[in-house]
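Heads up: the structure comes next, in structure tokens.
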There are 2 protein chains.
Amino acid sequence: MKSLTYAEENYLKAIYHLSEEGKKEVSTNSISDELKTKPASVSDMIKKLAVKGVINHKKYQGVRITTSGIEAALQIVRKHRLWEVFLVNKLNFNWDEVHEVAEELEHIQSPLLIQRLDEFLGYPKYDPHGDPIPDETGTYKLKPKTPLNELQVGDSGQIIAVKDSSAAFLQYLDKVGAYIGAKIRVIDKVEFDGSLEILVDNKKNLFVSKDVSKNILITNI
Amino acid sequence: MKSLTYAEENYLKAIYHLSEEGKKEVSTNSISDELKTKPASVSDMIKKLAVKGVINHKKYQGVRITTSGIEAALQIVRKHRLWEVFLVNKLNFNWDEVHEVAEELEHIQSPLLIQRLDEFLGYPKYDPHGDPIPDETGTYKLKPKTPLNELQVGDSGQIIAVKDSSAAFLQYLDKVGAYIGAKIRVIDKVEFDGSLEILVDNKKNLFVSKDVSKNILITNI
DNA sequence: ATGAGTGTTTAGCTTTGTCTAAAAATATTC
DNA sequence: GAATATTTTTAGACAAAGCTAAACACTCAT
Ligand SMILES: [Mn+2]
Ligand SMILES: [Mn+2]
Ligand SMILES: [Mn+2]
Ligand SMILES: [Mn+2]
């Protein structure tokens with residue numbers, strides 16, 4: 001099993017994330033969207049990843065990640081999320097500042113480093129955005145969660161994760177006082193546009209659009 | 001001032017280290033030795049670095065680092081050594097295990113990361129090998145030091161740094177109980193081969209060859 | 001079932017960083 | 001000071017990763 005280059009790791013991780021959300025087949029265009037490269041570049045890379053056995057590919061038919069590809073991707077995800085925990089918990093980064101840096105740090109090659117970092121952080125199970133951290137074997141715990149927009153008036157729960165980890169979205173959440181662990185109760189729902197009025201931590205009324213609420217994940221009750 | 005690529009940073013740092021020890025002019029071959037690349041590759045890279053203004057070069061005349069080159073090199077050295085401190089002080093790496101990993105970590109681009117890491121580590125002034133850590137402005141404190149082989153019988157002092165940071169040398173020092181801060185007294189000196197008998201921490205007699213003693217740096221008394 | 005539109009791949013080019021082999025310049029030795 | 005040895009540079013190739021433009025394949029609607 002020859003190892004992956006920096007760019008190959010980024011592609012594989014993108015393919016892994018794309019196959020997670022929904023169907024198994026991942027299209028060339030969706031990969032190029034995700035990574036902001038051109039479809040032609042994706043076609044080239046697909047060939048390399050197929051040769052290394054981390055994906056299967058039939059021409060014009062999209063791409064499917066293999067078992068060994070999932071294993072490799074989970075280790076990259078593990079590193080990414082451990083570094084995010086480090087940045088937030090130890091270096092006082094805000095949760096909207098960690099993604100870019102973790103995107104680089106995840107490629108550092110040193111099993112000892114990751115093992116010790118995990119230990120130093122106290123074997124965290126979730127990253128600052130509520131995403132689960134796989135262990136050395138690739139095992140991770142998925143907490144059941146529901147997008148806020150699917151809750152009904154009167155429903156309540158806690159914010160457990162965010163679907164969108166972009167700086168813009170996280171900064172918005174900071175501004176309105178939403179954070180992982182915050183208590184949420186749905187006060188009112190506008191059927192026309194799917195927007196919600198919610199109560200945060202029993203003290204703050206907030207109006208959120210559907211674009212926002214579908215990116216906030218709530219504990220199942 | 002356009003920024004440097006990963007490989008350019010490694011070359012510039014090597015040139016900086018080579019100009020530190022001894023003369024200003026650095027030869028193509030010495031760079032290729034240091035980086036284990038071929039002289040032809042060095043010639044290519046020299047052109048790129050000269051265009052970016054970090055070195056001066058006249059054909060067949062060696063290379064001289066510029067003021068702006070020194071500035072850039074010091075920031076890479078700063079990152080390298082801060083990461084080494086992190087690995088040893090926080091992740092319990094041994095001092096012989098840090099170099100390779102720091103060689104990768106030093107290229108992570110994030111001023112905030114380095115500033116916060118420095119703060120997290122308590123603004124260390126020296127790395128695990130006794131080398132000084134430049135601050136954000138490139139300033140650092142050089143402690144006066146003498147190679148152990150230059151001491152005379154009866155002289156004493158403390159180990160303040162090592163000149164060779166290879167794993168093999170550091171593991172040898174571990175084995176014989178030598179470390180940064182250890183007290184040293186020269187008991188006897190063999191003129192024939194320059195080897196020394198020394199007393200470590202007032203309790204351990206040790207025979208060291210000149211190859212070893214010239215790589216151990218002692219406080220000036 | 002065919003033609004238009006969309007999605008994917010190929011062809012050909014660029015940049016970065018490496019290499020080998022050969023040429024050119026400098027250094028050393030007799 | 002000429003011959004030889006060493007060092008450095010150039011020339012040409014290759015792999016990785018990206019791009020644009022053009023060709024090809026699949027899908028869907030008429
Ligand atoms: Mn990445
Ligand atoms: Mn995350
Ligand atoms: Mn390096
Ligand atoms: Mn060091």
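Note: hydrogens, waters and symmetry copies are ignored here, and every other heavy atom, side chains too, is used. So you know, we letter chains A, B, ... as the sequences are listed, proteins then strands, and number each from 1.
Between B:H57 and D:dT9 there is a side-chain polar atom (N or O) within less than 4.0 angstrom of OP1 or OP2. Remark: A:N29 is in phosphate contact with C:dT8, judged by side-chain N or O atoms under 4.0 Å from OP1 or OP2. For A:T5, a side-chain nitrogen or oxygen approaches OP1 or OP2 of D:dA17 to under 4.0 Å. Contact annotation: B:K47 reaches the phosphate of D:dT10 (side-chain N/O to OP1 or OP2, under 4.0 Å).
In this structure, A:Y11 places its OH atom 11 Å from C1' of D:dA16, rounding to the nearest Å. Rounded to whole angstrom, the span from the CG atom of A:L12 across to the C1' atom of D:dA16 amounts to 17 Å. Between B:Q61 atom CD and C:dA24 atom C1' there is a gap of 14 Å when expressed in whole angstrom units. A straight line from NZ of A:K58 to P of D:dC26 spans 12 Å, rounded to a whole angstrom. In this entry the distance linking OH of B:Y6 with P of C:dT15 reads 24 Å, nearest Å. Spacing between atom CG of A:N10 and atom C1' of D:dA17 amounts to 12 Å, rounded to whole angstrom units. Between the C1' atom of D:dC19 and the NZ atom of A:K36 lies a distance of 17 Å, rounded to the nearest Å. Rounded to whole Å, the distance from CD1 on A:I46 to P on C:dT10 is 10 Å.
Residue-to-nucleotide proximity on DNA chain D shows that, of A:D44 and B:K59, the 5′-proximal contact is made by B:K59. Map A:Y60 and A:E8 each onto its nearest nucleotide of DNA chain D; the residue landing nearer the 5' end is A:E8.
For the residue pair A:D174 / A:W95, a side-chain donor-acceptor distance below 3.5 Å is found, with atom types taken as modelled. If you check the side chains of B:E84 and B:H80, you find a donor sitting under 3.5 Å from an acceptor.
Residue A:K38 has its side chain nearest to D:dT20 when only C:dT18, D:dT20, D:dA16 are considered. Taking every side-chain heavy atom of B:M45 into account, C:dT18 is the closest of C:dT18, D:dT8, D:dA16.
If you check every strand for non-hydrogen atoms under 4.0 Å, B:S43 touches a base. Contact annotation for A:S41: base contact, defined as any heavy-atom pair under 4.0 Å involving a base atom. Within the 4.0 angstrom heavy-atom criterion, base atoms lie near A:A40. When heavy atoms are screened at a 4.0 angstrom cut-off, B:T28 is found touching the sugar-phosphate backbone but no base atom.
Proximity of a side-chain donor or acceptor of A:E8 to a complementary backbone N or O of A:K48 within less than 3.5 Å is not detected.
Rounded to the nearest 0.5 angstrom, A:L82 CG and A:F120 CZ are separated by 12.5 Å.
With B:Y126 as the aromatic partner, B:K143 meets the cation-pi criteria of under 6.0 angstrom to the ring centre and within 45 degrees of the ring axis.
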